[in-house]
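These numbers come from the heavy atoms of this one structure, side chains and all, not from hydrogens, waters or symmetry mates. Below, read A as the first sequence line, B as the second, and so on, with proteins coming before strands; counting in each chain starts at 1.
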Amino acid sequence: MPFSNKYIQLRIEKANQLKELGYNPYSNHSQRNTTISKYINVNSDVEHLENKRDEKRNYTLSGRIKFFRVMGKASFLKIEDESGMLQVYVSRDNLPEGFYNDVFKKLIEVGDIIEVSGYPFVTNQGELSLHVDTLKLLTKAISPLPEKFHGVTDKEIRYRQRYLDLIMDSEVRKTFQTRSKIISLTRRFFEDKGFLEVETPMMHPIAGGANAKPFVTHHNALGIDRYLRIAPELYLKRLIVGGFEAVFEINRNFRNEGMDATHNPEFTSIEFYWAYKTYKDLIEITKEYFKYLFDHLNLPTLLPYGQMEVDFADFKEIPLITSLFEIGGVPQDIVNDKEKILEFLRANKLEAKPAMSLGQLQGVLFDEFVEEKLINPTFITDYPVDISPLARRNDEHPEITERFELFIAGREIANAFSELNDPVDQLSRFEGQMSAKDAGDDEAHEMDVDFVNALSYGMAPTAGQGIGMDRLVMLLTNEHSIRDVLLFPAMKPIHGEVKENHEEEK
RNA sequence: GUCUCGUUAGCUCAGCUGGUAGAGCACGUCACUUUUAAUGAUGUGGCCGAUGGUUCGAAUCCAUCACGGGACACCA
């Protein structure tokens with residue numbers, strides 16, 4: 001039952017009284033002529049003036065009331081707009097007869113959005129403020145705000161009612177402003193390099209481009225199922241076949257998997273594909289990209305992340321196999337021996353599946369012993385071919401691929417490789433994935449015949465890369481949960497919020 | 001999915017080994033014309049997440065469920 005709360009009832013009553021007195025509690029006539037941060041900048045000289053005020057200046061500002069201090073016939077409020085917070089001084093004798101006592105004190109309160117006009121002055125305590133001569137309610141808030149000192153700390157409320165979180169915490173607003181800047185800088189970086197931004201389908205007939213479980217939806221007109229995309233990769237490569245030489249897409253992917261501090265069912269990535277380049281060129285452009293972000297975000301090269309400090313002047317490059325013994329401390333003589341790896345895993349009380357290939361086992365060793373130790377940016381290169389179904393083989397060493405993943409602060413940030421463009425090899429790798437699927441791997445890659453067909457027309461040698469934007473934003477804003485960099489993270493519906501949709505278990 | 005912690009007033013939180021619900025902020029009333037989480041006085045405000053059980057008696061103990069946090073698993 002909405003609005004049954006007694007505090008809300010009281011506030012609705014106040015809104016009604018305002019209406020009766022001829023004041024619209026939801027006025028649409030804003031006369032604002034500057035923002036709070038501009039006001040503070042422009043009037044920074046006022047503290048040096050005689051009487052610390054300039055009555056000839058006049059400004060009209062708007063904002064939400066965050067603090068309301070009444071002291072008899074005078075009051076101090078703090079109002080906040082997107083740009084900042086400002087103290088305003090309101091006194092009985094500067095307002096129309098009766099307004100201060102009957103309207104201002106009784107019917108306006110914390111949470112309401114008001115508009116004030118007046119001149120700048122500095123208080124005895126030295127704070128630049130606005131001396132109000134006109135005050136008007138723009139929007140009545142009928143729900144009370146949370147406690148002014150602690151704000152909202154309950155994460156459930158913060159995520160479910162993000163608007164409240166944003167009202168109460170300017171740091172949260174700042175995180176999302178930084179996120180927006182990162183996306184915008186990324187777009188500009190690649191555009192400046194001559195990349196073309198494209199939009200490829202979000203609904204796929206075949207969920208390809210990654211190994212993940214898709215969300216399924218249904219297209220009524222065609223009577224067929226569609227999959228929300230798990231990656232845009234195969235469509236972007238079709239564009240390279242078509243003759244575009246540098247394309248990128250920043251958009252959402254959807255994966256039907258668990259949720260935790262680094263996984264949300266929908267997440268944002270950039271993927272970019274660059275013809276006539278190799279993964280070596282991608283390493284260079286990635287370093288350049290990070291430098292570009294750091295320069296434009298004014299971030300320190302030694303970036304704190306939780307207890308860690310990440311040195312962005314120290315990009316390293318190391319082959320996966322080498323990292324196993326040099327960083328992971330795995331005995332060097334076992335890393336190319338399937339049986340010895342299995343033995344080593346068992347000795348370390350880790351799951352050892354004999355069905356796994358050598359490459360898969362090397363991947364397991366990497367995940368267990370190396371990944372979390374990669375604090376400074378590290379390009380791990382030369383991935384085994386059997387865990388890289390879409391990457392190009394190395395010409396000299398066909399069992400490894402021309403691929404890297406970038407790790408920072410113990411976490412994967414990017415995945416890149418020289419693209420496989422041999423249509424016959426691609427077909428057989430898809431077939432390999434199909435047998436894995438038949439053997440029970442429900443995340444093996446789907447066969448995409450049209451993609452193989454596209455490759456058969458010839459795709460120029462190309463390098464491609466994906467970067468998880470949410471995790472990148474986490475890194476650059478020192479946030480440790482993906483929910484804190486998503487405005488509206490996925491949450492379970494609270495009971496009764498959504499009609500139960502009984503799905504049949506597969 | 002597993003383990004674990006949590007859920008008490010609009011918000012932030014107390015509430016011991018079971019005895020009938022507390023504070024601060026907010027809100028109402030009063031005082032106060034330079035405050036800084038303003039202050040002082042006073043008052044209103046609760047299905048103690050839901051359902052069952054144990055008990056003379058449950059916010060408190062037990063069980064199940066719901067939602068959330070954290071960890072693990074899964075997820076390149």
Side-chain angles (χ1 to χ4, degrees), chain A residues 3-11 13-14 52-53 66-78 85 87-95 100 105-106 109-111 121-127 129 131 141-161 164 167-168 209-213 230-231 255-265 267 320 351 359-360 362-364 366-367 371 380 383-384 386-391 403 405 407 411-415 417 441-445 466 468 480-481 483 489 491-497:
Chain A
F3 307 153
S4 56
N5 177 283
K6 53 193 172 295
Y7 300 102
I8 294 179
Q9 283 300 321
L10 257 170
R11 282 176 170 249
E13 181 49 35
K14 288 180 184 179
K52 300 194 173 186
R53 63 190 59 216
K66 301 300 284 288
F67 295 93
F68 201 122
R69 291 190 277 272
V70 181
M71 289 164 332
K73 299 176 185 65
S75 298
F76 286 93
L77 315 188
K78 290 219 169 161
M85 183 112 78
Q87 175 165 271
V88 305
Y89 173 78
V90 182
S91 69
R92 186 191 67 183
D93 300 339
N94 290 314
L95 292 174
Y100 183 85
K105 268 168 62 175
K106 284 203 161 62
E109 59 206 313
V110 170
F121 80 113
V122 171
T123 64
N124 292 345
Q125 303 297 317
E127 182 166 344
S129 307
H131 203 287
I142 60 169
S143 281
L145 289 184
E147 204 249 4
K148 62 190 167 192
F149 189 59
H150 299 93
V152 199
T153 60
D154 184 331
K155 288 197 172 168
E156 184 167 358
I157 299 178
R158 290 189 44 222
Y159 299 145
R160 286 193 197 276
Q161 296 176 262
L164 248 194
I167 288 172
M168 297 307 294
N211 297 4
K213 291 182 202 123
I230 56 176
R255 297 190 183 176
N256 206 340
E257 286 157 2
M259 295 151 62
D260 62 26
T262 55
H263 297 83
N264 193 69
F267 63 98
L320 184 135
E351 196 184 6
Q360 286 173 321
Q362 289 166 336
V364 172
F366 178 82
D367 292 345
E371 181 166 357
I380 297 291
Y383 276 68
D386 36 338
I387 54 174
S388 313
L390 298 164
R403 172 182 178 191
E405 288 194 359
F407 292 87
R411 211 175 266 159
E412 181 197 336
I413 293 291
N415 181 17
F417 36 86
D441 181 355
D442 56 358
E443 281 164 9
H445 206 287
H480 293 75
S481 170
R483 297 182 201 93
M491 300 288 278
K492 265 198 198 182
I494 51 179
H495 199 66
E497 186 180 72

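With a 3.5 Å ceiling on both atom-pair distances, B:C75 lacks any Watson-Crick or G-U wobble partner. Across all strands shown, B:G69 is found opposite B:U4 as a Watson-Crick or G-U wobble partner, with both distances under 3.5 Å. For B:U20, there is no paired nucleotide, since no Watson-Crick or G-U wobble pair has both relevant distances below 3.5 Å. Shown here, B:U51 forms a base pair with B:A63; the pair counts as Watson-Crick or G-U wobble because both key distances fall under 3.5 Å. When Watson-Crick and G-U wobble pairs are counted only if both distances are under 3.5 Å, B:C30 pairs with B:G40.
When the nucleotides B:C11, B:U34, B:G70 are ranked by their closest atom to the side chain of A:Ile157, B:C11 comes out on top. If you check B:C32, B:G68, B:A26 against the side chain of A:Lys73, the one that comes closest is B:C32.
Taking atom P on both B:G69 and B:A26, the two are 30 Å apart, rounded to the nearest angstrom. Between the P atoms of B:G15 and B:U7, the separation comes to 10 Å (whole Å). When the C1' atom is used for both B:C65 and B:G46, the distance is 23 Å, rounded to whole Å. A distance of about 11 Å separates the P atoms of B:C48 and B:A21, rounded to the whole Å. Comparing B:U36 with B:U44, their C1' atoms are spaced 28 Å from each other, to the whole Å.
In this structure, NZ of A:Lys213 is placed 12 Å from P of B:G1, rounded to the nearest angstrom. Spacing between atom CD of A:Glu156 and atom C1' of B:G69 amounts to 9 Å, rounded to whole angstrom units. Atom pair A:Lys66:NZ and B:A26:P shows a separation of 14 Å (rounding to whole Å applied). Rounded to whole Å, the distance from CG on A:Asn94 to P on B:U34 is 13 Å. Rounded to an integer number of Å, the gap from CE of A:Met168 to C1' of B:C11 is 8 Å. Atoms CZ (A:Arg160) and C1' (B:G68) sit 7 Å apart, rounded to a whole Å. With rounding to whole Å, A:Phe76 atom CZ is found 13 Å from B:C32 atom C1'. Protein atom NZ of A:Lys155 is 16 Å distant from nucleotide atom P of B:G6, rounded to whole Å.
Here the closest non-hydrogen pair linking A:Tyr100 and A:Ser75 is OH-OG, 2.7 Å. Pairing each heavy atom of A:Ile8 with each of A:Ser143, the nearest pair is CD1-OG, 3.5 Å. Here the shortest heavy-atom pairing between A:Ala141 and A:Arg11 reads O-NH1, 2.7 Å. Contact detail for A:His445 and A:Leu390: the closest heavy-atom pair is NE2-CD1, 4.1 Å. Contact detail for A:Pro146 and A:Val152: the closest heavy-atom pair is CG-CG2, 3.5 Å. Between A:Ala212 and A:Ile230, the closest heavy-atom pair is O-CD1, 3.8 Å.
Within 4.0 Å (heavy atoms only), A:Ile387 reaches at least one base atom of the nucleic acid. Using a 4.0 Å heavy-atom cutoff across all strands shown, A:Met491 reaches sugar-phosphate atoms only and no base atom. Residue contacts shown for A:Gly151 are limited to sugar-phosphate atoms, with no base heavy atom under 4.0 Å away.
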### Query
Where along nucleotides 36-47 of chain B does protein come under 4.0 Å, by heavy atom, of base (B) or sugar-phosphate alone (S), with - for untouched nucleotides?
BBB------BS-
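An OP1 or OP2 oxygen of B:C13 is reached within less than 4.0 angstrom by a side-chain nitrogen or oxygen of A:Thr153. The shortest distance between the side-chain N/O atoms of A:Lys14 and the OP1/OP2 oxygens of B:G28 is below 4.0 Å. Dashed line: the shortest gap from a side-chain N or O of A:Arg483 to OP1 or OP2 of B:G70 is under 4.0 Å.
Checking side-chain atoms of A:Gln161 against main-chain N and O of A:Leu164 turns up no donor-acceptor pair under 3.5 Å.
Between A:Arg11 and A:Asp154, the one whose closest nucleotide on RNA chain B sits nearer the 5' end is A:Asp154. Between A:Ala210 and A:Phe121, the one whose closest nucleotide on RNA chain B sits nearer the 5' end is A:Phe121.
Glycosidic conformation of B:C30: anti, with the torsion beyond 90° of 0.
Of the residues listed (A:Arg53, A:Lys52, A:Glu127), the one engaging A:Phe121 in a side-chain contact (heavy atoms from CB on, under 4.5 Å) is A:Arg53, and it is the only one.
Interatomic distance, CE of A:Met259 versus CZ of A:Arg483, reported as 6.0 Å (0.5 Å rounding).
In the interface, the side chain of A:Tyr89 is not paired with the base of B:U35 through any donor and acceptor atom under 3.5 Å apart.
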